[in-house]
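Taking it in order: structure first as structure tokens, then the write-up.
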Protein chains: 2
Amino acid sequence: MAVRLADVAAACKLSTSTVSRALSDPEKVNALTRSRVERIAREMGYVPSRVARSLVSGRTDSIGLVVPDIANPFFSAMTKAVQARARDKGYSVILADTDERAVDELDRARTLDKQADGLILASPRTDAAQLREIAENSQTVFANREVDGAASVVIDESEGMNEAVQYLVSLGHRSICYLSGPSRSWSNLQRREAINAACVANEAELIELGPFEPQIQAGMRAADVVQFKGATAVIAYDDMIALGVMARLAERGVQVGREISVIGIDDSPLSEVAYPLLTTIHLPGAELGATAVDLLLEQLDSAATDSEPPRLCLETRLVIRGSTGLRVS
Amino acid sequence: MAVRLADVAAACKLSTSTVSRALSDPEKVNALTRSRVERIAREMGYVPSRVARSLVSGRTDSIGLVVPDIANPFFSAMTKAVQARARDKGYSVILADTDERAVDELDRARTLDKQADGLILASPRTDAAQLREIAENSQTVFANREVDGAASVVIDESEGMNEAVQYLVSLGHRSICYLSGPSRSWSNLQRREAINAACVANEAELIELGPFEPQIQAGMRAADVVQFKGATAVIAYDDMIALGVMARLAERGVQVGREISVIGIDDSPLSEVAYPLLTTIHLPGAELGATAVDLLLEQLDSAATDSEPPRLCLETRLVIRGSTGLRVS
DNA sequence: CACGATGCCGGAAACGGTTGCGGTATCGTG
DNA sequence: CACGATACCGCAACCGTTTCCGGCATCGTG
């Protein structure tokens, strides 16, 4: 069916080794024969088999990406960046979506590991011990999660969170409600700690609700609880929940931005179309993805140097829009 | 490094052929030795090399998916479905995002073709001749695009479009504005034809504007043109544009749903958080993805039967929310 | 006992490339 | 002219599986 190296060799009246070298190792072969081989190969429509090449090289030139939910704008933006950067470097991306099922993460990671040269695990929910095991057995970079002894790139939310709390306090809010994300989520833990510290520092009361799934529907449910609690300022685990809250509050006739202030986290494109526009903590999702790829490829090239794996940290900032305002009592 | 079949064979004092059979073709081997092999293989942590297996089987058990923009909710929803269905069938998904660059589509498709058993091309912008060439050289299913002689699954928008126009007319609108999507987009062509037919049938005037990129920013620009033209009813190429229009109109103090009616296409999750909630034509994106996978796998199994490739068509319906209302003059 | 059938297993050839090593011209130099 | 260096190319092994084919026991049957 497909034309093989041997076919080209036959047509050139050369050995497969020479043809192979002519096409991939141009130095080692006569310039004349090389151009002849190249021409004939082109004419015959030869394309090398990646599989065969992988078998001998031991590399597949592809990386695996595991995300909790590709439909979540944060992860789709990140995925886009991962794909773009990987392609720039000559790698392709195998995608796995766990649909927020923590138990599937390990399985997916292990499956991908056999097909890819390395793995990027985005916001994994699995516990540290198992993640460490994955990291030991395969080249791995964690995004949005730190794991001892493994490479990772995370987002430091404390600064943005502090800005957010300070801003709310300056608007007159003394009691702030945090809507928790998935309980197994590392970043939820980070955000909780950050908001807690920020509340202490700014002398505000913190009310925690949740956990809620990072989805609009869950946010709508959360809105009812929020209103029941009589909160005037809300910071949600992410934009999806925040948007759900806003949508539900609007449904109930509550004026967001006046009667109640809502802050999201992500700065997804949606936050610019919601009404009112959503005040949110900007998360550099694209940068996260691109950096994760860079880290992974570095790791692949530097073939198992047992030096301490790198841990990178990206910054956040608060983006103020219309969903927050002066406290009215 | 990794434990190979030969290592297991040595440990079992058997030949690789027997071990191979014991693990994959359980009938052909003594039950006793089989269980022994299985045990030893497990103890040694043996995992078969997918690459080596692919080399002989000729299959990679993965499919390639090419999308114009994974950050677009329509495609991320579709991708999610593709991934889920593929995984159910034992396949993994290699993702390529062209970032709406039509010229890259062919290249991506050809690259993926070498790594995957088959391809799904979602909403390709490339011209038919080149797509047909792709389809001839590799197992391909087109999603959201019909190509002569190739398998495809598309969404028939005429019904939904007709509902939409009829609905707008019943609200008193006599002139309807259509915001075109990418000019190379097949589905944009479909939608234009559908709305045109619907307008003729319902005796409404049609005003076409565009083209606009399917992004919120482009929709915001579109809003200014819309307002300049004095239109009272707008149907946008997709939800992203519609949301951009709404956001910009809100910015300018125009009350969407009262002064002007806006209809999107997609029914993405965003349409439920926008304010007002976006009336939109529901597109079965997940179903589209899942069906494309089914078609592709059928095609792979039925190994080149030269029967006419299947063309499937999914239905749409109008979802009425708050962004549309009676015409006020 | 002899013989064919049957059940298990091993040898070896694929699959399609890459690469170390050795062989053969060709050339320059003493 | 002889010899060593050099540039090119071919042979064959190898990557890790699968699978065809044939061999050897074992068993049942005539």
Side-chain angles (χ1 to χ4, degrees), chain A residues 1-42 44-62 90 111 113-117 138 303, chain B residues 1-42 44-62 90 111 113-117 138 303:
Chain A
M1 181 61 221
V3 33
R4 300 160 309 149
L5 191 64
D7 301 329
V8 179
C12 297
K13 301 200 186 308
L14 287 172
S15 73
T16 61
S17 17
T18 305
V19 175
S20 171
R21 276 187 289 251
L23 296 176
S24 49
D25 218 350
E27 308 304 305
K28 309 223 158 225
V29 94
N30 189 316
L32 228 71
T33 56
R34 169 155 54 93
S35 59
R36 193 165 65 93
V37 168
E38 282 171 348
R39 182 174 53 77
I40 296 188
R42 199 170 342 106
M44 300 179 70
Y46 169 71
V47 280
S49 154
R50 288 184 64 121
V51 176
R53 190 173 279 180
S54 292
L55 185 58
V56 35
S57 72
R59 323 183 102 239
T60 61
D61 290 330
S62 55
T111 306
D113 182 39
K114 292 161 214 156
Q115 312 178 61
D117 295 338
S138 29
Chain B
M1 182 60 219
V3 33
R4 301 160 308 151
L5 193 63
D7 301 329
V8 179
C12 296
K13 300 200 188 308
L14 287 172
S15 72
T16 59
S17 16
T18 305
V19 175
S20 172
R21 276 186 292 252
L23 295 176
S24 49
D25 217 351
E27 307 304 305
K28 308 221 160 228
V29 94
N30 189 316
L32 228 71
T33 56
R34 168 156 55 94
S35 60
R36 193 165 64 94
V37 169
E38 282 171 348
R39 182 174 53 78
I40 296 188
R42 197 169 346 106
M44 298 179 72
Y46 168 71
V47 280
S49 154
R50 288 184 64 123
V51 176
R53 187 173 283 180
S54 292
L55 184 57
V56 33
S57 72
R59 325 183 100 241
T60 61
D61 290 330
S62 54
T111 307
D113 182 39
K114 292 160 213 155
Q115 312 179 60
D117 294 338
S138 29

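Values below: every heavy atom of this structure, side chains too, minus hydrogens, waters and symmetry copies. Numbers restart at 1 for each chain; the letters A, B, ... are given by sequence-line order, proteins then strands.
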ask   = Distance check: side-chain N/O of B/Ser49 vs OP1/OP2 of D/dC15, anything under 4.0 Å?
value = no
Selected nucleotide, minimal atom distance to B/Asn30 side chain, candidates D/dT18, D/dC9, C/dC8 = C/dC8
inquiry  = Measuring to OP1 and OP2 of C/dG10, would you say a side-chain N or O of B/Ser15 lies under 4.0 angstrom away?
reply    = yes
request  = Side-chain contact test, heavy atoms from C-beta onward, threshold under 4.5 Å: evaluate it for B/Arg53 versus B/Asp61 and give yes or no.
outcome  = no
key: Side-chain N,O (B/Ser20) to OP1/OP2 (D/dT17) below 4.0 Å   = no
ask   = When rounded to the nearest 0.5 angstrom, what is the spacing between OG in B/Ser57 and CG in B/Asp117?
value = 7.5 Å
ask   = Just how far, in rounded Å, is P of D/dT18 from CZ of B/Arg59?
value = 15 Å
query = Between atom OH in A/Tyr46 and atom C1' in C/dG16, what is the gap in whole Å?
reply = 8 Å
ask   = In whole Å, what is the span from the CG atom of B/Leu55 to the P atom of D/dG16?
value = 12 Å
key: Gap between atom CZ of A/Arg39 and atom CZ of A/Arg42 - 0.5 Å precision   = 8.5 Å
message = Does a side-chain N or O of A/Arg4 approach OP1 or OP2 of C/dG16 to a distance below 4.0 Å, or not?
response = yes
message = Let me check the geometry of the helix from C/dC1-D/dG30 to C/dG30-D/dC1. What is the bend angle between the axes at its two ends, five pairs each, to 10°?
response = 60°
inquiry  = Just the rounded figure in Å: distance from P of C/dT18 to CZ of A/Arg50.
reply    = 13 Å
inquiry  = I need the A/Asp25 CG to A/Thr18 OG1 distance, nearest 0.5 Å.
reply    = 12.0 Å
request  = List the atom of B/Ser24, the atom of B/Ser20, and the distance in Å for their closest heavy-atom pair.
outcome  = OG-O, 2.7 Å
Value rounded to 0.5 Å, distance of CG in A/Leu5 from CG in A/Leu14 = 10.5 Å
request  = Select base, sugar-phosphate, or nothing to describe what B/Thr33 touches, counting heavy atoms under 4.0 Å on all strands.
outcome  = sugar-phosphate
request  = Let me know, please, whether A/Pro48 or B/Ala31 comes out on the 5' side of the other along DNA chain C by nearest nucleotide.
outcome  = B/Ala31
key: Value in whole Å for how far the P atom of D/dC9 lies from CG of A/Asp25   = 13 Å
Between D/dG16 (C1') and A/Arg53 (CZ): distance, integer Å = 18 Å
remark   = Of all heavy-atom pairs linking B/Thr16 and B/Ala6, the shortest is CG2-CA, 3.8 Å
Please list, pair by pair, any protein nitrogen or oxygen found under 3.5 Å from a nitrogen or oxygen in nucleotides 20-25 of chain C.
unit_1, atom_1, unit_2, atom_2, d
C/dG20, O6, A/Arg21, NH1, 3.3

note = Closest of D/dT18, D/dT17, D/dC9 to the B/Ala52 side chain is D/dT17
query = Going by heavy atoms in the side chains, are B/Val19 and B/Tyr46 under 4.5 Å from each other?
reply = no
key: Rounded distance (Å) that lies between atom P of C/dG16 and atom NZ of B/Lys114   = 16 Å
request  = Write down the distance between CG (B/Leu23) and P (D/dT17), rounded to a whole number of angstrom.
outcome  = 10 Å
Gap separating the OG1 atom of A/Thr33 from the CD1 atom of A/Ile40, nearest 0.5 angstrom = 10.5 Å
note = Output for pair (A/Gln115 CD, B/Arg50 CZ), nearest 0.5 Å, gives 3.5 Å
